[in-house]
Number of protein chains: 2
Amino acid sequence: MESLRERKKQATRVALQEAALRLALRKGPENVRVEEIAEAVGVSPRTYNNYFPSREHAIVAALTAARAPEIPPGVPLADGIIDAVVGYYTDPGEAMLIIVTNPALRACYAEAVTGIEGPVAAAITARGADPRTAEVLAAAVAAAARVALRRWVQPAGVPGLVMVSGGLPELIRAALAPLAPALAAAKAHSVA
Amino acid sequence: MESLRERKKQATRVALQEAALRLALRKGPENVRVEEIAEAVGVSPRTYNNYFPSREHAIVAALTAARAPEIPPGVPLADGIIDAVVGYYTDPGEAMLIIVTNPALRACYAEAVTGIEGPVAAAITARGADPRTAEVLAAAVAAAARVALRRWVQPAGVPGLVMVSGGLPELIRAALAPLAPALAAAKAHSVA
DNA sequence: ACGCAAAGTTGCGTGCACGCAACTTTAGGC
DNA sequence: GCCTAAAGTTGCGTGCACGCAACTTTGCGT
């Protein structure tokens, strides 16, 4: 059902996301006031907060909106999940730089990683695993993805340590690899 | 080194934690103002925020302060970690009820679960695993613990579903179980 | 077409988080 | 003991998040 209400709400939501991202790209995320975003869309600041719970959420939503990981059903579970997560994070254009630059945006983006838990859990369940097991493993996958993001951003921490920081896809694969045995076991458990 | 500075800082920090918890228990967490906590300790509100980044953090800190999970070195890795995490969450007296009642405190407490990642990662590394693997697995363990906490709080979600919500320890064991294969593999990998 | 109930928007008031620039306290060399 | 630098505290100002109570718009039955 696409009532007028729904369409209007969605329109202002999208407008707010786009305005927030545009302003952040132009002036830097620090220098964007909620009032500006609201004004650019023709809405009150109070209404902005009815749509987004913080100043950062609209910007992050502009990047994560309408993006859901797709997990291929044929391949082994671990491989499918890894590819899906890698694909999920491998579009971001220049906007990604804005996000990793700003601490508040980084935190908000890391929080948004939770969004992959639902689809991942569904995929694991679809393979026959117990839903509660799937929930835990999906949370673990999201946690590993956050670790990968953290490593990607970090300037390599202690100077003496390895500077692996290659591409984000490689970091994600490396971070998810230790979870593969648990994913395989979940599948096996479903068979038993 | 216990300089006068350090001792004073620690004293006010502890005083703030205790005051925050005491007031929260007496009046309910919602009705405690930062100004009150600061005044109870004899410090300015601004100083409160130099110690804690939010109103909730002091209350949560009062419960998580000086608590580090102890992971026995002898037993199998997964068992040791599970027992340690269970023990970590199995003291909380009546104060726990205050926390699970309030959404903001719940969020803050869940965030504090990150505190176990360090010790857990250290224990995994101590068994010979790669530090980067240990970091990922520790994050996964923390994520599983958060799932257990979520399940413990939730009023059993959909009415038709199982109402497992027994004790928190059982929930934690159930949530960590799916990660056991990954923990075992990390240890095996170190041996190979 | 009418009118009522549900949903959405807005202004207001309050409390919180925090950068900044004074000001005060502590540490340590002399 | 004295003086200076480092560390800590405080007041102030600003912007944000959100509960609340009007007010406006939309949906829908008649």
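Note that this is a predicted model, so its numbers are computed, not measured. Each chain gets a letter, A, B and so on, in the order the sequences are listed, and its residues count up from 1.
Under a 4.0 Å N-O distance rule, the pair B:R33/B:E39 does not qualify as a salt bridge. A salt bridge is absent between B:R173 and B:D79; no separation between the charged side-chain nitrogens and carboxylate oxygens falls under 4.0 Å. Salt-bridge check for A:E111 with A:R106: failed, with every basic side-chain N at 4.0 Å or more from each acidic carboxylate O.
A donor-acceptor distance shorter than 3.5 angstrom exists from the side chain of B:Y48 to the backbone of B:S54, with no hydrogens or angles considered.
Side-chain proximity of B:R46 to D:dG19, D:dC12, C:dG15: nearest is D:dC12. In the set C:dT10, D:dT25, D:dA7, D:dT25 carries the atom at the smallest distance from any side-chain atom of A:R5. Side-chain proximity of B:K9 to C:dC16, D:dG8, C:dT9: nearest is D:dG8.
Heavy atoms of A:P53 sit under 4.0 angstrom from primed sugar atoms or phosphate atoms, though from no base atom.
Rounded to the nearest 0.5 angstrom, A:I81 CD1 and A:L183 CG are separated by 4.5 Å.
The interatomic distance linking B:F52 (CZ) with D:dT9 (P) rounds to 12 Å, in whole Å. Summarising the geometry, the separation between CG on B:L16 and C1' on D:dT10 is reported as 14 Å, rounded to the nearest angstrom. Atoms CG (B:N50) and P (C:dA21) sit 16 Å apart, rounded to a whole Å. The nearest whole Å value for the distance from the CD atom in A:E39 to the C1' atom in D:dC16 is 17 Å. Atom CD of A:E30 and atom P of D:dG15 are 14 Å apart (whole Å). As a whole-Å value, the separation of A:E6 CD from D:dT25 P is 19 Å. Summarising the geometry, the separation between CG on B:L23 and P on C:dG15 is reported as 16 Å, rounded to the nearest angstrom. Between the P atom of C:dA17 and the CD1 atom of B:I37 lies a distance of 10 Å, rounded to the nearest Å.
OP1 or OP2 of C:dT26 lies within a sub-4.0 Å distance of a side-chain N or O belonging to B:K8. At the phosphate of D:dT9, OP1 or OP2 sits under 4.0 Å from a side-chain N or O atom of B:Y51. Here B:N49 reaches the OP1 or OP2 of C:dA17: one of its side-chain N or O atoms lies under 4.0 Å away. The phosphate of D:dT10 (OP1 or OP2) has a side-chain N or O of B:T47 nearer than 4.0 angstrom.
Nearer the 5' end of DNA chain C, as judged by each residue's closest nucleotide, is the contact made by A:G42, out of B:Y48 and A:G42.
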